[in-house]
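The structure appears right after this line, and notes come after that.
Here is the naming used below: chain letters follow the sequence lines, and residue numbers restart at 1 for every chain.
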Protein chains: 4
Amino acid sequence: MEPIRKDALVKATITEIGRVGSLDVTVSQIARRAGMSPALAHHYFGSKEDMFLAAMRHILTLYGAEVRGALAAAEGPDARLRAILRASFSPGNFRREAVSAWLNFWVLAQTVPEARRLLAVYQRRLRSNLMSCLRPLAGARAGALADGLGALIDGLYLREVLKSGPPDGVAAVHTALNYLNAQLPGNAA
Amino acid sequence: MEPIRKDALVKATITEIGRVGSLDVTVSQIARRAGMSPALAHHYFGSKEDMFLAAMRHILTLYGAEVRGALAAAEGPDARLRAILRASFSPGNFRREAVSAWLNFWVLAQTVPEARRLLAVYQRRLRSNLMSCLRPLAGARAGALADGLGALIDGLYLREVLKSGPPDGVAAVHTALNYLNAQLPGNAA
Amino acid sequence: MEPIRKDALVKATITEIGRVGSLDVTVSQIARRAGMSPALAHHYFGSKEDMFLAAMRHILTLYGAEVRGALAAAEGPDARLRAILRASFSPGNFRREAVSAWLNFWVLAQTVPEARRLLAVYQRRLRSNLMSCLRPLAGARAGALADGLGALIDGLYLREVLKSGPPDGVAAVHTALNYLNAQLPGNAA
Amino acid sequence: MEPIRKDALVKATITEIGRVGSLDVTVSQIARRAGMSPALAHHYFGSKEDMFLAAMRHILTLYGAEVRGALAAAEGPDARLRAILRASFSPGNFRREAVSAWLNFWVLAQTVPEARRLLAVYQRRLRSNLMSCLRPLAGARAGALADGLGALIDGLYLREVLKSGPPDGVAAVHTALNYLNAQLPGNAA
DNA sequence: AATGAATGAGGATTCATTCAT
DNA sequence: GATGAATGAATCCTCATTCAT
């Protein structure tokens, strides 16, 4: 029972944060959407903050899994780079509510150490993934490139929150690839 | 008296948002920091939301002024581009509390139309500034470049909130210039 | 539990309005008298206004029930008229706190549509009860008589608020009967 | 200056009470309508309650003056009775805002001794006026008649607050005269 | 496992009133 | 005489959290 309930709550948390657009969601809202009482939500997660953190972990795990899956199917640094980008802006990750939750987690990370840690892990993992592709292609410039690309990806997420209409992952990938193409002339197609 | 009080409140709002790291600041906190009673704060601004919006306007105005000033002193598209970037990451704008406030305003923009509008104005202005520099340098690619550069700037702001220690504007400018150098070979030094 | 709590709150509302003499009672006062926290009061009634309306309904329901009961035991239009009057000024309705609440509900009815509606229902019901007795006794004059009698009853309630000492329902009934006796010579005893 | 200001405030008080429908008017509202600052209102009247009392006195004085004027022009108990009624429901007294204020003053009288005293004076004066007319016409029944008529008048005022549209003084006078006609067969026309 | 019941703590907002000018 | 400036006190309402069942 427990994993089912927790999972429902995590998803409800993300949904509600996405719906409200901020962390000002009540435990009642979340619990109601997850089909249970607020008391039960507290039973499974000790506090609202724990729910937020679990939701964060969920989002970052999904993202990580998607990247890993995409990498497994890609051959060569060039293809692997594109795989990372496509995974980053795949419909599963780059959807309105997830983007909104993600933005709010950034806010959370300013105050809650565990949230900060989670986001740091994500950044490190992304950077390491990028680096392993970029090193063979850009050599000493790989570090700077990875930093720029990481920031660009986050910026593209950020800018999505202002847009209306459904997220356009393809355009985002395009912008990121454009960056790469310029930096790695002759490589990334 | 009114402009003095309002100004103090606006600054206190930014400071408090930066200190707390979220919009969950109480009017009392803001008012106390501004050296007045919460009642007076409500007297000058109708509501907490109005204070937030005024603070947003303040930050965006400062930014706009700094960019305008930097542009005025720059000759040629290349120098103007660098001026925009330097202004964007100048110590006045790229300071912890302002970055934190700015992030939270992004959250606000999801729900509050006026906040959304303000952020949209900022984006449009930035894009138009970038375009006027990029067109002579990149021709048809200017639009794509401006979008990428805009997202990159926002991403660099975003990533600043996770860093510890004082913001490093120079490094940020460097990363952005790196992007430009690759895209405009032979121009931006 | 809910009906018990709500009932306690409704009674406490009436008591407090009677005690304070106006609608300027705080939810805390009401809740305390009802033996619970203000938060719980808000839980059961969405707002203070809802509490007021429930209290109004309660008073008018009590009144209606008492009239109905009295009518059931009365035979003939003449006896029924006296039954209505006796019920109107019975100790249950014509008690200080209820009269005070009733006066304040009249104030409320000026602004709150639902309160206005409730009072209108009461007036209509009273008039219809009076009419069914008066028609056989006064024929075409029944309407005018019912209007006068209704206003007289309300006026007697109103004047009660200024009096000191316990309400004198008997005297009120007497005054009303006096009115009737004059209008219906040879009927009402 | 003082009498002018005070007069303006008194009138503004009545207007605002009529507009809002309750005593929950702010001193600011009253002062603004009277064309001055809230501080000045406090300068002339020590407190909000004093303003209310002055407004009450104003309304009761107007009423008293109108009755006195009408009585001066009437000959004989019968005509004097009709004069009192006509004055009671004259357009000057029986207007929406005055009726609303009057109802609220009744509420005030429950708590504020001076308000209670003012209303008692009004009742005594009305009763004495009625008595001097009724004694020659009804002898020993005069007291009961005066009480009934007084309550009826107040009840007609009360019922006016629920009505929509402009007050109908003529109908009210009619209802009261109807009462008298029945009680004094052969006298009041 | 599940929840209804309950509350303490807190926060935005309002307003009568004061006072220096 | 007149007011802008200022605030303490109050009030409604919300919500995370607890607990008995």
Item to check | Pairwise 5' ranking along DNA chain F for B:A39 and C:V27, keeping only the more 5' one | outcome: B:A39
Checklist entry - For C:Q29 and F:dT11, what is the distance between atoms CD and P respectively, to the nearest whole Å? => result 7 Å
Item to check | Heavy-atom pair with the smallest gap, counting every atom of D:G46 and D:D50 | outcome: N-OD2, 3.7 Å
Checklist entry - Within the structure shown, what part of the strands sits under 4.0 Å from A:H43 by heavy-atom distance: base, sugar-phosphate, or nothing? => result sugar-phosphate
Checklist entry - Please give, in whole Å, the distance from F:dC12 C1' to D:D24 CG? => result 14 Å
Checklist outcome for this item: So the contacted stretch of DNA chain E, first to last nucleotide with an atom under 4.0 Å from a non-hydrogen atom of chain D, runs from E:dC15 to E:dC19
Item to check | Charged N-O contact under 4.0 Å between C:E16 and C:R32 | outcome: no
Next on the checklist: I need the NZ-C1' distance between B:K48 and F:dT14, as an integer number of Å.
Outcome noted: 13 Å
Checklist entry - Is D:E114 paired with D:R117 through a side-chain N to carboxylate O contact shorter than 4.0 Å? => result yes
Checklist entry - In Å and rounded to the nearest 0.5 Å, what is the NE2 to CE distance from A:H58 to A:M51? => result 15.5 Å
Next on the checklist: How many whole angstroms separate atom CG of D:L40 from atom P of F:dG4?
Outcome noted: 11 Å
Checklist entry - To the nearest 0.5 Å, what is the distance between OH (D:Y122) and OG1 (D:T61)? => result 13.5 Å
Checklist entry - So do D:I17 and D:I30 actually touch side chain to side chain, heavy atoms under 4.5 Å? => result no
Item to check | Side chain to side chain, B:V161 and B:W102, heavy atoms closer than 4.5 Å | outcome: no
Checklist entry - Closest nucleotide of DNA chain E for B:E49 versus for D:P38: which of these residues is on the 5' side? => result B:E49
Checklist entry - On DNA chain F, nearest-nucleotide positions of A:V25 versus B:R5: which is more 5'? => result B:R5
Next on the checklist: Within the 4.0 Å heavy-atom criterion, would you say D:F45 contacts the bases, only the backbone, or no part of the nucleic acid?
Outcome noted: nothing
Item to check | C:R32 CZ to F:dA10 P, straight-line distance once rounded to whole Å | outcome: 12 Å
Item to check | Pair partner, F:dT18 [Watson-Crick or wobble, under 3.5 Å] | outcome: E:dA5
Checklist entry - Starting at the 5' end of DNA chain E, which residue's closest nucleotide do you reach first, D:S28 or C:G35? => result C:G35
Checklist entry - Starting at CD1 of C:I30 and ending at P of F:dT11, how long is that distance when rounded to a whole Å? => result 12 Å
Item to check | Interatomic distance, C:H42 NE2 vs F:dT11 P [rounded to whole Å] | outcome: 13 Å
